[in-house]
Amino acid sequence: DWTYNQVWESVEAPKPTLDKAHFLVAGLGDGVMPLASALRQAPGIRVTSLSSGDNVRSGESRADYLFTEVVRSVQASIEEKSAYHAIVLDLGATSDWQQAESESVVLLLRVIQSLVGLVQGMPVCPRLYLLTRDAQAVVATDGPVPAWGSLIGLMRVAGTEYPMLRPCVVDLGVDDD
(Lines give C-alpha, C1' and ligand atoms only; values in the text may rest on other atoms or scores of the structure.)
Protein backbone atom coordinates (compact mmCIF):
# COMPACT_ATOMS: atom_id res chain seq x y z
CA ASP A 1 0.00 0.00 0.00
CA TRP A 2 1.05 3.53 -0.79
CA THR A 3 0.14 6.78 0.89
CA TYR A 4 0.62 10.15 -0.67
CA ASN A 5 1.16 13.46 1.08
CA GLN A 6 0.40 16.69 -0.64
CA VAL A 7 3.08 19.26 0.00
CA TRP A 8 2.53 22.94 -0.62
CA GLU A 9 5.56 24.94 -1.65
CA SER A 10 5.86 28.66 -2.12
CA VAL A 11 6.77 29.58 -5.64
CA GLU A 12 7.00 33.01 -7.13
CA ALA A 13 4.08 33.71 -9.42
CA PRO A 14 4.93 35.20 -12.79
CA LYS A 15 4.25 38.89 -12.97
CA PRO A 16 1.57 39.61 -15.57
CA THR A 17 2.37 42.31 -18.05
CA LEU A 18 -0.45 44.15 -19.69
CA ASP A 19 1.65 46.69 -21.57
CA LYS A 20 0.31 45.40 -24.88
CA ALA A 21 -2.85 43.56 -23.91
CA HIS A 22 -5.73 43.19 -26.35
CA PHE A 23 -9.26 42.72 -24.98
CA LEU A 24 -12.51 41.83 -26.69
CA VAL A 25 -15.51 43.14 -24.74
CA ALA A 26 -18.81 41.89 -26.11
CA GLY A 27 -22.32 41.71 -24.79
CA LEU A 28 -26.06 41.91 -24.97
CA GLY A 29 -26.50 44.53 -22.28
CA ASP A 30 -25.72 48.19 -21.75
CA GLY A 31 -22.53 47.49 -19.80
CA VAL A 32 -20.29 46.89 -22.81
CA MET A 33 -19.43 50.48 -23.68
CA PRO A 34 -18.71 51.70 -20.12
CA LEU A 35 -16.50 48.65 -19.51
CA ALA A 36 -14.66 49.11 -22.81
CA SER A 37 -14.16 52.81 -22.03
CA ALA A 38 -12.77 52.01 -18.58
CA LEU A 39 -10.33 49.48 -20.02
CA ARG A 40 -9.16 51.95 -22.67
CA GLN A 41 -8.03 54.30 -19.89
CA ALA A 42 -5.22 51.90 -18.95
CA PRO A 43 -1.97 52.56 -20.81
CA GLY A 44 -1.11 50.05 -23.52
CA ILE A 45 -4.50 48.33 -23.48
CA ARG A 46 -6.20 47.82 -26.82
CA VAL A 47 -9.94 47.14 -26.68
CA THR A 48 -12.34 45.92 -29.33
CA SER A 49 -15.98 46.24 -28.29
CA LEU A 50 -19.00 44.51 -29.77
CA SER A 51 -22.58 45.12 -28.78
CA SER A 52 -25.81 43.70 -30.10
CA GLY A 53 -27.22 47.17 -30.57
CA ASP A 54 -28.73 48.45 -33.79
CA ASN A 55 -26.82 46.22 -36.21
CA VAL A 56 -29.09 43.18 -35.84
CA ARG A 57 -30.56 42.20 -39.17
CA SER A 58 -34.27 41.53 -39.59
CA GLY A 59 -35.20 38.02 -38.40
CA GLU A 60 -31.90 37.58 -36.53
CA SER A 61 -31.73 37.43 -32.74
CA ARG A 62 -29.39 39.68 -30.80
CA ALA A 63 -27.59 36.58 -29.50
CA ASP A 64 -27.08 35.18 -33.03
CA TYR A 65 -25.72 38.50 -34.21
CA LEU A 66 -23.36 38.80 -31.26
CA PHE A 67 -22.14 35.20 -31.65
CA THR A 68 -21.32 35.75 -35.33
CA GLU A 69 -19.46 38.97 -34.58
CA VAL A 70 -17.47 37.48 -31.67
CA VAL A 71 -16.32 34.52 -33.78
CA ARG A 72 -15.47 36.80 -36.72
CA SER A 73 -13.49 39.12 -34.45
CA VAL A 74 -11.56 36.28 -32.77
CA GLN A 75 -10.71 34.73 -36.16
CA ALA A 76 -9.49 38.07 -37.47
CA SER A 77 -7.35 38.72 -34.40
CA ILE A 78 -5.68 35.32 -34.76
CA GLU A 79 -5.05 35.82 -38.49
CA GLU A 80 -3.57 39.27 -37.81
CA LYS A 81 -1.25 37.78 -35.17
CA SER A 82 -2.79 40.05 -32.54
CA ALA A 83 -4.88 37.48 -30.70
CA TYR A 84 -6.92 38.65 -27.74
CA HIS A 85 -5.52 38.24 -24.24
CA ALA A 86 -9.02 38.19 -22.79
CA ILE A 87 -12.57 37.89 -24.03
CA VAL A 88 -15.13 39.51 -21.74
CA LEU A 89 -18.79 38.60 -22.24
CA ASP A 90 -21.28 40.89 -20.55
CA LEU A 91 -24.66 39.25 -21.00
CA GLY A 92 -26.37 42.13 -19.28
CA ALA A 93 -29.27 42.61 -16.97
CA THR A 94 -32.84 42.52 -18.14
CA SER A 95 -36.28 42.32 -16.62
CA ASP A 96 -37.17 39.19 -18.62
CA TRP A 97 -34.90 36.71 -16.86
CA GLN A 98 -36.39 33.60 -18.48
CA GLN A 99 -35.71 34.80 -22.01
CA ALA A 100 -32.34 36.21 -20.96
CA GLU A 101 -31.34 32.92 -19.39
CA SER A 102 -32.11 30.75 -22.39
CA GLU A 103 -30.61 33.26 -24.84
CA SER A 104 -27.50 33.71 -22.71
CA VAL A 105 -26.90 30.01 -22.05
CA VAL A 106 -27.10 29.17 -25.76
CA LEU A 107 -24.87 32.12 -26.64
CA LEU A 108 -22.27 31.22 -24.01
CA LEU A 109 -22.23 27.56 -25.04
CA ARG A 110 -21.79 28.45 -28.71
CA VAL A 111 -18.97 30.91 -27.90
CA ILE A 112 -17.15 28.33 -25.76
CA GLN A 113 -17.43 25.64 -28.44
CA SER A 114 -16.19 28.00 -31.14
CA LEU A 115 -13.33 29.34 -29.03
CA VAL A 116 -12.10 25.82 -28.34
CA GLY A 117 -11.87 25.17 -32.06
CA LEU A 118 -10.29 28.54 -32.86
CA VAL A 119 -7.57 28.52 -30.20
CA GLN A 120 -6.31 24.97 -30.76
CA GLY A 121 -2.54 25.07 -31.00
CA MET A 122 -2.15 28.64 -29.75
CA PRO A 123 0.69 28.95 -27.22
CA VAL A 124 -1.44 31.20 -25.00
CA CYS A 125 -5.21 31.18 -25.31
CA PRO A 126 -7.36 34.18 -24.46
CA ARG A 127 -8.95 34.01 -21.03
CA LEU A 128 -12.75 33.92 -21.05
CA TYR A 129 -14.53 36.20 -18.57
CA LEU A 130 -18.26 36.23 -17.99
CA LEU A 131 -19.88 39.20 -16.27
CA THR A 132 -23.15 38.52 -14.49
CA ARG A 133 -25.39 40.84 -12.50
CA ASP A 134 -26.66 39.87 -9.05
CA ALA A 135 -26.19 36.15 -9.66
CA GLN A 136 -25.28 35.58 -6.03
CA ALA A 137 -26.35 37.24 -2.81
CA VAL A 138 -23.54 39.02 -1.00
CA VAL A 139 -25.50 40.53 1.88
CA ALA A 140 -28.83 39.51 3.37
CA THR A 141 -30.71 42.26 1.54
CA ASP A 142 -29.52 41.16 -1.92
CA GLY A 143 -32.07 39.54 -4.18
CA PRO A 144 -30.03 37.19 -6.34
CA VAL A 145 -31.22 36.21 -9.80
CA PRO A 146 -31.20 32.41 -9.95
CA ALA A 147 -31.37 32.39 -13.75
CA TRP A 148 -27.70 33.32 -13.91
CA GLY A 149 -26.81 30.14 -11.97
CA SER A 150 -26.91 28.10 -15.16
CA LEU A 151 -24.26 30.40 -16.68
CA ILE A 152 -22.03 30.03 -13.65
CA GLY A 153 -22.43 26.25 -13.84
CA LEU A 154 -21.60 26.27 -17.54
CA MET A 155 -18.44 28.29 -16.89
CA ARG A 156 -17.38 25.81 -14.18
CA VAL A 157 -17.86 22.90 -16.56
CA ALA A 158 -15.97 24.79 -19.28
CA GLY A 159 -13.09 25.27 -16.85
CA THR A 160 -12.93 21.54 -16.25
CA GLU A 161 -13.30 20.48 -19.87
CA TYR A 162 -11.34 23.32 -21.50
CA PRO A 163 -8.80 24.56 -18.96
CA MET A 164 -6.89 26.46 -21.64
CA LEU A 165 -9.72 29.05 -21.66
CA ARG A 166 -9.24 29.70 -17.91
CA PRO A 167 -12.91 30.76 -17.55
CA CYS A 168 -13.75 33.23 -14.83
CA VAL A 169 -17.09 34.62 -13.63
CA VAL A 170 -17.28 38.16 -12.27
CA ASP A 171 -20.60 38.89 -10.55
CA LEU A 172 -21.46 42.56 -10.25
CA GLY A 173 -24.39 44.32 -8.68
CA VAL A 174 -27.06 45.57 -11.07
CA ASP A 175 -25.93 49.18 -10.55
CA ASP A 176 -22.17 48.49 -10.76
CA ASP A 177 -20.28 49.78 -13.79
Side-chain angles (χ1 to χ4, degrees), residues 18 21-42 45-78 82-119 125-136 138 142-159 162 165-177:
L18 291 179
H22 189 188
F23 287 79
L24 171 62
V25 180
L28 297 172
D30 298 333
V32 173
M33 294 308 159
L35 176 59
S37 294
L39 284 170
R40 286 185 181 107
Q41 300 303 312
I45 302 283
R46 188 169 140 210
V47 179
T48 300
S49 56
L50 298 171
S51 179
S52 63
D54 301 327
N55 299 324
V56 178
R57 292 175 284 282
S58 177
E60 182 180 44
S61 75
R62 294 177 335 129
D64 286 341
Y65 170 80
L66 189 63
F67 168 74
T68 302
E69 293 304 309
V70 166
V71 170
R72 188 176 301 155
S73 184
V74 171
Q75 285 173 328
S77 75
I78 292 170
S82 64
Y84 295 114
H85 292 85
I87 298 170
V88 182
L89 293 179
D90 182 355
L91 300 183
T94 179
S95 58
D96 185 358
W97 293 110
Q98 287 182 326
Q99 178 183 351
E101 178 187 24
S102 73
E103 185 177 64
S104 298
V105 168
V106 170
L107 173 60
L108 181 59
L109 183 58
R110 291 176 68 198
V111 167
I112 290 169
Q113 289 172 331
S114 294
L115 280 178
V116 168
L118 290 170
V119 302
C125 298
R127 184 164 194 180
L128 179 61
Y129 289 90
L130 172 68
L131 300 184
T132 59
R133 302 279 194 273
D134 280 343
Q136 298 182 5
V138 177
D142 283 352
V145 180
W148 295 127
S150 55
L151 293 172
I152 293 170
L154 183 54
M155 288 291 279
R156 287 181 182 160
V157 170
Y162 309 113
L165 295 178
R166 299 163 298 159
C168 178
V169 177
V170 178
D171 187 41
L172 303 172
V174 170
D175 298 327
D176 293 341
D177 289 334

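Throughout, residue positions are numbered sequentially from 1 according to the sequence presented. Heavy atoms only: backbone and side chains are in, while hydrogens, waters and symmetry mates are out.
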Could you walk me through whether Arg110 and Asp64 pass side chain to side chain contact (heavy atoms under 4.5 Å, CB included), step by step?
-> CA-CA 10 Å; Arg110 291 176 68 198; Asp64 286 341; 2.7 Å; yes
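Residues Leu89 and Leu108 are in side-chain contact: their nearest non-hydrogen atoms beyond the backbone lie under 4.5 Å apart. Contact of the Leu165 side chain with the Val119 side chain is registered, since non-hydrogen atoms from C-beta on lie closer than 4.5 Å. Within the 4.5 Å cutoff, the side chain of Ile45 has heavy atoms near those of the Val47 side chain. The shortest side-chain heavy-atom distance between Leu130 and Val170 does not fall under the 4.5 Å cut-off. The closest side-chain heavy-atom distance from Leu39 to Val25 is below 4.5 Å. Within the 4.5 Å cutoff, the side chain of Arg72 has heavy atoms near those of the Thr68 side chain. The shortest side-chain heavy-atom distance between Tyr84 and Ile87 falls under the 4.5 Å cut-off.
One distance of note links CD of Gln75 with OG of Ser114; it measures 8.5 Å at 0.5 Å rounding. Interatomic distance, Leu128 CG to Cys168 SG, rounded to the nearest 0.5 Å: 9.0 Å. Residue Leu28 holds its CG atom at 8.5 Å from OG of Ser61, rounded to the nearest 0.5 Å. To the nearest 0.5 Å, the span separating CD on Glu60 from CZ on Phe67 amounts to 11.5 Å.
Between Ala36 and Ser49, the shortest heavy-atom distance links the atoms CB-CB, 3.8 Å. Counting all heavy atoms, side chain and backbone alike, Pro167 lies closest to Met155 at CB-CE, 3.4 Å. Between Met33 and Ser51, the shortest heavy-atom distance links the atoms CE-CB, 4.1 Å. Between Ala158 and Ile112, the shortest heavy-atom distance links the atoms CB-CD1, 3.7 Å. Contact detail for Ala26 and Val32: the closest heavy-atom pair is C-CG2, 3.8 Å.
Side chain of Ser73 to main chain of Glu69: no donor-acceptor pair is present (N/O by atom type, distance under 3.5 Å, no hydrogens or angles). The closest donor-acceptor contact from the side chain of Arg46 to the backbone of Ala21 lies at 3.5 Å or more, if one exists at all. At least one donor-acceptor pair under 3.5 Å links the side chain of Arg127 to the backbone N or O of Arg166.
A side-chain contact (heavy atoms from CB on, under 4.5 Å) with Val70 is found for exactly one of Leu24, Leu115, Leu107, namely Leu24.
Atom CZ of Arg40 sits in a crowded spot, with more than 12 heavy atoms from other residues, nucleotides or ligands closer than 6.0 Å.
For the residue pair His22/Thr48, the side-chain donor-acceptor check at 3.5 Å is satisfied.
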